> 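Quick one: structure below, then a few questions.
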Amino acid sequence: MINELSKSERQQLIAVATQAMDSAYAPYSQFRVGAALLTATGKIFSGCNIENASYGLSMCAERNAIANAIIGNESDTMRIKAIAVANSQSVSCSPCGACRQVIWEFGQDAQVIFLGSQGWHTLTIKELLPEGFSL
Ligand code: THU
C-alpha cells in the first residue's frame, strides 16, 4: 500500500488524539473528542471538539486538527497521511460525514484510525467516503 503507516506512528497518533481529548470544550454533550493527524511531511497536529450554546456551531475535533495543520504548515500543500480520533466515552466513533469530506480534501489516501465496535480500527478515507467530492 502506498500510504503504509508504521505501528509506532499509529500508536503515537492514538496517544496524541487521546491527550487532545482533555482539551475538549464539550459542556453540552459531555462527549469529548480528540484528533491527531500525521502530515505527509511527518508532522503531527491535534484538535479537539469545541461546542457552542448555539449547538449547530459546534466544531468537531477532526476539523480542528485539520485547521491546526493548515496553519502550522509552511505552505498550502498540507496532505494528511493519517488521522486518529479518540473519544471520552470509549464508544464506537468514526468521523462524521462533514469531517470525511474535509479529510478527503486534504488526503484522498488518508488512513483513518478510530474506535470501532471491535476496538481500534483503520480504514482509508476512500472506504469511509467512496465518492468524495472534488473540484
Ligand atoms: N464530534 C466530534 O468532534 N467528532 C466526531 O467524529 C463525532 C462527533 C463531536 C461533535 C460534538 O461536539 C460532540 O462530538 C457530540 O456530537
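The structure displayed is predicted, hence computed values, not measured ones. First listed ligand is number 1; within each ligand, the first listed atom is number 1.
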> Are there more than 12 heavy atoms of other residues, nucleotides or ligands under 6.0 Å from atom CD of Glu131?
no

> Tell me, which pairs form a side-chain hydrogen bond (donor to acceptor under 3.5 Å, both in side chains) where one or both residues lie in residues 17-41, sequence neighbours left out?
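Sorted result for residues 17-41: Ser29-Glu51, Thr39-Thr41.
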
> Out of the candidates Leu38, Leu13, Val112, only one should pair with Ile83 under the side-chain contact (heavy atoms from CB on, under 4.5 Å) rule; please name it.
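Option passing the side-chain contact (heavy atoms from CB on, under 4.5 Å) with Ile83: Val112.
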
> Any side-chain donor paired with an acceptor under 3.5 Å for Ser8 and Gln11?
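No, no side-chain donor-acceptor pair sits under 3.5 Å.
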
> Residue by residue, ordered by chain and number, which ones reach under 4.0 Å of ligand 1 with a heavy atom?
Ser29, Phe31, Val33, Asn49, Glu51, Cys60, Ala61, Glu62, Cys93, Ser94, Pro95, Cys96

> For the CD1 atom on Ile71, are there more than 12 heavy atoms of other groups (residues, nucleotides or ligands in this structure) within a distance under 6.0 Å?
no

> Is any side-chain heavy atom of Glu62 less than 4.5 Å from a side-chain heavy atom of Val102?
no

